[in-house]
*Asks:* 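Below is a structure I'd like to ask you about.
Note on naming: letters A, B, ... go to the chains in the order of the sequence lines (proteins, then strands), and numbering restarts at 1 for each one.
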Number of protein chains: 2
Amino acid sequence: MTTANALSEERSDNSGSAAQRDRRKRILDATYELAKDGGFDAVQMRAVAESADVALGTLYRYFPSKIHLLVSALETQFSDAQERLNMREIPGDDAGERVIYVLKRLTRGMQGDPQLTEALTRAFMFADASVASEIHAVGMSMTSIVTHAMHGTVPEPDAITEEDVVLARVIGDVWLSALMAWVTGRSTAPETAHHIETAVRLILR
Amino acid sequence: MTTANALSEERSDNSGSAAQRDRRKRILDATYELAKDGGFDAVQMRAVAESADVALGTLYRYFPSKIHLLVSALETQFSDAQERLNMREIPGDDAGERVIYVLKRLTRGMQGDPQLTEALTRAFMFADASVASEIHAVGMSMTSIVTHAMHGTVPEPDAITEEDVVLARVIGDVWLSALMAWVTGRSTAPETAHHIETAVRLILR
DNA sequence: CCCAAACATAGAACGTGTTCCTATTATGGG
DNA sequence: CCCATAATAGGAACACGTTCTATGTTTGGG
């Protein structure tokens, strides 16, 4: 999703210290690249470190575990998506239509990179309490995306009711479960889309 | 789907050499014991093998991975719960009340054994495509439990409508997400119960 | 300019899931 | 009873996440 390739070391023109900056970004880019090709298993810490051209210990200084690394990658992707979506109005005649539109778009995007999605989703699922803050951030993005879609435009904070949040959380739950079913091969892409659509209509009826 | 261990052949000749008795059951029992005390991390394959008094290779013959082992344990627990619930009528005046009753009961049961629940849930979450059939079985039990609760009594197969199944799946999704949030320390037990209750009322309104 | 502290590197080492190998022990058909 | 085959035991070996150690290298305040 991000710039295709910061993997190739771009240290040609800038000598020394310029290449020392942006380790975090290099690491995340390497993570995306490896995940895109081989999924969760291919994101091996030694491989990430080598790809990002940092030492293993440095990788662990930036991300204290493989799960932190992948959930942080997911977090970045989600807040990017949230930002992109916030820039425009969501098409659709009612909340249900708009939410379905947005979720289908999100889902299609993720299904376009199955291995990457598998890596990020499984990390998210496996995360334990130590990753709570990153997971919380992802949840916030998800809720924000859905409430935005429900309202059609970025809502004023005090325009979001208690019920909106409950609805958004439930929709987020369903979306996550559907994504998981797809990632683990228990349902096809069309089935996933259909399940999400049905559930949203049901919840926002 | 009626008996607890549909997977095992459950050899009935249990007299004879006691030590040979049902390795599968010994393994699952050891798994429960270790999980109950120390959660996911404490379920170490060498420890399970030793506890169950089988060789490591034998353990892997019965369960091809730690995830298979734990998801199978979850499967057993779920189909036990399903069986117990099927034996009686569910109290409650409408579908929503009954579903909430059952889910609260289930949730309380799992929260009574936090470490065990953490182990089983995280394994379930982490499972990949190779565990699809076990995961599917868990999903079936879940759906069955919920449709049962919706109807109040074990429904005839043809009394279950398409919509029932959709409702049950959505409820299952929410329940799973709530359980996950609790397991990873992102929400407390009361919050979890409240979220489930709110969501069920919303879905079955 | 100098030095202490923070940051990086390379790589060894360790733990646990998983695989593999060999010898031994049940099992069931003839 | 005997043998072929499968199942099990016991344990070495390997892979990858993670931690640790020893040694530079950068950086910012005096």
Side-chain angles (χ1 to χ4, degrees), chain A residues 9 11 14-27 30-31 34-35 37-73 119 122-123 125-128 130-131, chain B residues 7-27 30-31 34-35 37-73 119-120 122-131:
Chain A
E9 41 192 304
R11 64 165 58 176
N14 36 16
S15 67
S17 66
Q20 299 298 345
R21 278 194 293 267
D22 292 332
R23 280 190 169 74
R24 192 187 146 92
K25 180 170 185 329
R26 293 208 316 264
I27 290 171
T31 302
L34 287 165
D37 290 350
F40 187 88
D41 290 340
V43 181
Q44 301 186 355
M45 299 305 266
R46 289 174 181 85
V48 171
E50 190 179 356
S51 250
D53 202 23
V54 300
L56 190 55
T58 305
L59 171 53
Y60 273 93
R61 238 180 64 81
Y62 282 80
F63 300 96
S65 78
K66 173 171 174 172
I67 301 295
H68 283 82
L69 171 60
L70 285 167
V71 176
S72 295
R122 286 184 61 206
M125 296 295 184
F126 191 58
D128 67 1
S130 74
V131 203
Chain B
L7 290 183
S8 79
E9 60 233 55
E10 191 77 43
R11 52 187 75 182
S12 40
D13 89 321
N14 50 1
S15 55
S17 42
Q20 298 300 341
R21 212 178 347 162
D22 223 5
R23 285 185 167 74
R24 192 189 147 91
K25 180 168 186 331
R26 293 207 319 261
I27 291 171
T31 302
L34 288 164
D37 289 350
F40 187 88
D41 290 341
V43 181
Q44 302 185 355
M45 299 305 267
R46 289 173 181 84
V48 172
E50 190 179 357
S51 242
D53 202 25
V54 300
L56 191 54
T58 305
L59 171 52
Y60 274 92
R61 239 181 63 81
Y62 281 80
F63 300 96
S65 78
K66 174 170 173 172
I67 300 294
H68 282 83
L69 170 60
L70 285 167
V71 175
S72 295
L120 301 185
R122 287 186 62 207
F124 183 82
M125 295 295 183
F126 192 58
D128 67 2
S130 74
V131 203

*Asks:* Check the phosphate of C:dT18 against B:R61, side-chain N and O only, distance under 4.0 Å to OP1 or OP2. Yes or no?
*Replies:*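 Answer no for this pair, as no side-chain N or O of B:R61 is under 4.0 Å from OP1 or OP2.
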*Asks:* How long is the straight-line distance from CD1 of B:I27 back to OH of B:Y60, given to the nearest 0.5 Å?
*Replies:*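 B:Y60 OH to B:I27 CD1: 11.5 Å, rounded to 0.5 Å.
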*Asks:* For nucleotides 16-22 of chain D, give me one character per nucleotide, 5' to 3': B if any protein heavy atom sits under 4.0 Å from the base, S if the only such contacts are to the sugar-phosphate, - if neither.
*Replies:* BBBB---
*Asks:* Taking atom C1' of D:dA7 as reference, at what distance in whole Å does atom CG of B:L59 sit?
*Replies:* 15 Å
*Asks:* Which whole-number value in Å describes the distance from B:D53 CG to D:dA9 P?
*Replies:* 7 Å
*Asks:* Can you check whether B:F126 reaches A:M125 side chain to side chain, under 4.5 Å on heavy atoms?
*Replies:*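 Not in contact.
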*Asks:* Whole Å only: how far is the CZ atom of B:R23 from the P atom of C:dT25?
*Replies:*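 Interatomic distance, CZ of B:R23 to P of C:dT25: 14 Å.
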*Asks:* Give me the bend of the helix from C:dC1-D:dG30 to C:dG30-D:dC1, using the axes of the five pairs at each end, rounded to 10°.
*Replies:*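 Roughly 10° between the end axes, to the nearest 10°.
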*Asks:* Looking at every non-hydrogen atom in both residues, tell me the closest pair between B:A119 and B:A35 and how far apart they are.
*Replies:*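 Heavy atoms of B:A119 and B:A35 come nearest at CB-CB, 3.8 Å.
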*Asks:* Taking CZ from B:F126 and C1' from C:dG17, how many angstroms apart are they, rounded to a whole number?
*Replies:* 11 Å
*Asks:* Take atom CG of B:L34 and atom P of C:dT16, then tell me their distance rounded to the nearest Å.
*Replies:* 13 Å
*Asks:* For residues 40-49 of chain B, which side-chain N or O atoms pair as donor and acceptor with protein atoms under 3.5 Å away, sequence neighbours left out?
*Replies:*
unit_1	atom_1	unit_2	atom_2	d
B:Q44	NE2	B:D41	O	3.4

*Asks:* Return the set of residues passing side chain to side chain contact (heavy atoms under 4.5 Å, CB included) with B:A73 (not counting sequence neighbours), or none when no residue passes.
*Replies:* B:L28, B:Y32, B:L120
*Asks:* What are the two closest heavy atoms between B:R24 and B:S72, and how far apart are they?
*Replies:*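 So the two residues come closest at NH2-CB, 4.4 Å.
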*Asks:* How many Å lie between CD on B:E50 and C1' on C:dT16, as a whole number?
*Replies:*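 It is 15 Å, rounded to the nearest whole Å.
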*Asks:* So, using side-chain hydrogen bond (donor to acceptor under 3.5 Å, both in side chains) as the criterion, who are the partners of B:S65 when residues are at least two apart?
*Replies:* B:H68
*Asks:* With sequence neighbours left out, what residues match B:S51 under side-chain hydrogen bond (donor to acceptor under 3.5 Å, both in side chains)?
*Replies:*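 Result, side-chain hydrogen bond (donor to acceptor under 3.5 Å, both in side chains) vs B:S51: none returned.
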